[in-house]
Amino acid sequence: MLDKNFDPKTAEPRLYAAWESSGAFAPIDDPNAEPFSMVIPPPNVTGSLHIGHALNNTLQDVLIRFERMRGKAALWLPGTDHAGIATQMVVERQLAEQGNQSRRDLGREAFVAKVWEWKAKSGGVIVNQLRRLGASCDWSRERFTLDEGLSAAVRRVFVTLYKQKLIYRDKRLVNWDPHFQTAISDLEVEQREVDGHYWHFAYPLEDGSGEIVVATTRPETMLADTAVAVHPSDARYTALVGRAVRLPIVNRPIPIIADEYPDPDKGSGAVKITPAHDFHDFAVGKRHNLPMINIFDDFARLNDNAPPEYRGLDRFAARKKVVEAFEALGLLREVEKTRHTVPHGDRSGVVVEPYLTDQWYVAAEVLAKPAIKAVEEGATVFVPKNWEKTYFEWMRNIQPWCISRQLWWGHRIPAWFGPDGRVFVEETEAEALRQAQEHYGRPTPLRQDEDVLDTWFSSALWPFSTLGWPEQTSDLARFYPTHTLITGFDIIFFWVARMMMQGLHFMDEVPFKRVFINALVRDASGAKMSKSKGNVMDPLELVDDYGADALRFTLTAMSGAARDIKLSRQRIEGYRNFGTKLWNATRFAQMNGCARAEGFDPAAVKQTLNRWIVGETQRTAAAVTEALADCGFDEAANSLYRFIWNRFCDWYVELAKPILNGADEAAKAETQATAAWVLDVTLKLLHPVMPFLTEELWAQTADLGAARAHTGFLMTARWPDLPASLVDAAADAEIGLIIETISEGRSVRQELNVPPAARPPLLVVEASAAQRAVLTAAAPLIGQLLRVSEVRLAEAAPEGSIPYVVEGATFALPVAEYIDLAAERARLGKEVAALAGEIGKLAGKLGNPDFVARAPEEVVEENRERLAEAEAAKAKLEAALGRLGGVV
RNA sequence: GGACGCGUAGCUCAGCGGGAGAGCACCUCGUUGACAUCGAGGGGGUCACAGGUUCGAUCCCUGUCGCGUCCA
């Protein structure tokens, strides 16, 4: 006998271990099986599972379990990302906490060794958390972006792209993070709106004949100004173009130039030009061949290109000092408050500097072309499709991708410099040295580039590097391209787009045929969860409290992709209850001798009730299958919920009780067998979403009745494929009438406060022959569920009975001794009014000749029927009301 | 400024051309055995607003307002 409840705390770890050790997570070894593969979006190795991971990985697991059960060779390949900056930060912080040396004191090699040490000890956290969620990843294929194979892939890609001139070194402005002292890509820059000022500075003309006023939000950069620009059409300045101003403080003459960049309508129309510290100014500087003076060091402190009294100052201190100097010089014309966007490093949170350095770039604009085309042509589709627009928008305006980082943790750039600065880009140092020897004519020592690659450079290769590339492995042949990628919209640019580019370039095929973009999880009030807001919900805590299945079901049911998910504990609790409900329905079945029958054929059942539930089961199976095949996760979950709770538990089980307790042995046996069959199908359908509970029920019902065709785990059972012919319209109609009769009767009883213990007969006053047959046959069922003594045909409703109408049939409950006439009059009055409203609407519609002429015949017919039914019902209830002496 | 999304019951959301729905919350009633992590019943909505298309609009189109996100 089943326990009263499912106990996730003990069952989940036990079941997971059993699955894992059985090898069920690996794709089946059948060469005829269709492959279905997915790669996990590799979580940062420093990470711990947050609710976004929980959603993303639940959906992946639902899909992979579904496809596995459908008989495919299903591979879900897991792994983690080395996460350059994040990991380096964690270890540096740890060193600091332990009072140890900084990374610089420690030196590169020792520091990197420390990181590996840390990874060995703490890097497995998130992977084990995924196990708690039930993720059926093939752990035997787990990869790490910095492992040997993936590093080889990275080197191969870098060298290849370099030789194809798609990777190059360039000196230009980058986004510099002064906190980490590294370049970062455009995507790692967050634009934040902050309060600031416009300082209006007067720059005196060199000949003393006047001044030009420029405004800036960054006064300190004036120390590096190399021009003042005005618009060529700006008449105020035409005469001044070509002349010079004397730059205050620095006392350097700089030219006044004409350029399209300044907006004549903004401020004075003149702008200061600082080519080394502003992206727009950089472009102007290039056009006019202006000198580029860099006044910062790597920490954004002023360097020796600044006047002596500014050297060594932090940029913000320098800003203050510059403003003070202008004020003292009498050249500060105005200070204007403003709100403007300022770039910040997404990891460090500090203001990012445009900074002139040598970096490595990928010609993303070239690689993007095939990647755009692939989506245009549908080789890869986004679900929901709207995201394609986001993808196109970015890809069509893509900028060169800065891939070098001045960090130590990551893939070291395979580039070596000779004594004269010549660069040798090769996959190994030995090869570089060989090339150097050839070039220089003698063995020549080389110095490897100090930088490492952007973490996303290696993750861009993930769909093929994890399958063994550059080796031509059997996995690569079988599982590339992968089928579906499930990820968040926040990394469409960072990751999806770059995988598309690299996959197409190196494999000549898209990395995945479908990209499902999942929603963003927020807290119950709609705020983005973040540690600083303190509103994070820890998925593991939720798993502890409600079980993994409840959390999984919640996330699945709420994953409607167009909107954010607002998660609340209440909701999870509700779905935990849903699991309990199924558990107890199974328990009920077990207690009532429901067991699999040898050779059971769902198409051959005779009882109306059983024919009905078999049809409902088929409909559900079809709906769930279709939904999951199309990534309609929420739809699948909701179909299952409705079927299991509102159809199977609320009605099938209740209606089956009289049969199971009855004397008709054949009907009883058929019902027992049918219930067992429905439950087995249900467990399969629900398994992808609630793997633990279903697997446990599968195991606990294994011995009930005939052996299953599939004796192993439910997770490896075959997905149900039921013919639509199992649906029996006649059975649907009969059960529909019974359900309505009971529901309506209950409603009437409760509204009129008929005591629950009262057992009046139910009189069928008026009904078609077919209805009478159904109701008579179902009398025991109705008797029990509606708490009536019997169901009896009657000529007329007796005095003082309560009438109600269902599907044109009139019923009466003779409960005169209980009812309050006023309440009954009120009830009937309300019903009549509602019907009158409906009749008015329908009659209006049908009275419209255009409607009758132009609407489809079946719609017109349906409206006619509804009108007739409503009119009949209204007439009957009015008659009853009249007998009660109510006002009609 | 551009793009996308969203405004439906108190809350969270589904529906997306022909009868306004679910869960939760609320109110009433109900425990001799599947389940109180439950059952039965009930109240509650000019489907943001304004136009348009249509025989018919919560649903399609246009505009307005409000909210969110991303990109400049």
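Just the heavy atoms: all of them, side chains too, but no hydrogens, waters or symmetry mates, feed the values below. Quick caveat, the model's predicted, so the values are computed rather than measured. In what follows, chains carry the letters A, B, and so on, assigned in the order in which the sequence lines appear, proteins first and then strands, with residues in each chain numbered from 1.
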Task: G-U wobble or Watson-Crick pairing nucleotide for B:rC70 (cut-off 3.5 Å, both distances) - done: B:rG2
Task: Residues A:Glu871 and A:Lys874 bridged, charged N to O under 4.0 Å - done: no
Task: Polar pair under 3.5 Å, donor/acceptor by atom type, side chain A:Arg866, base B:rG19 - done: yes
- [ ] Decide yes or no, distance alone: a donor-acceptor N/O pair under 3.5 angstrom between the base of B:rA40 and the side-chain of A:Glu751.
- [x] no
- [ ] Determine which nucleotide pairs with B:rC59, using a 3.5 Å limit on both distances of a Watson-Crick or G-U wobble pair.
- [x] none
Task: Side-chain-base donor-acceptor pair under 3.5 Å for A:Glu393 and B:rA3 - done: no
Open item on the list: Under 3.5 Å, is there any donor-acceptor pair linking the side chain of A:Lys581 to the base of B:rC35?
Closed with: yes
Per-pair distances, 0.1 Å, donor-acceptor, side chain in residues 638-647 of chain A, under 3.5 Å, sequence neighbours excluded:
residue: A:Asn638; atom: ND2; partner: A:Asp634; partner atom: O; Å: 3.1
residue: A:Ser639; atom: OG; partner: A:Glu635; partner atom: O; Å: 3.0
residue: A:Asn646; atom: ND2; partner: A:Asp650; partner atom: OD2; Å: 3.3

Open item on the list: Using Watson-Crick or G-U wobble geometry with both distances under 3.5 Å, which nucleotide pairs with B:rG39?
Closed with: B:rC29
Task: Base partner of B:rC47, which must satisfy Watson-Crick or wobble distances under 3.5 Å - done: none
TODO: Would you classify A:Arg587 as touching base, sugar-phosphate or nothing, given that sugar-phosphate means primed atoms plus P, OP1 and OP2, and contacts are heavy atoms under 4.0 Å?
DONE: sugar-phosphate
TODO: Write down the distance between CG (A:Asn397) and P (B:rG1), rounded to a whole number of angstrom.
DONE: 20 Å
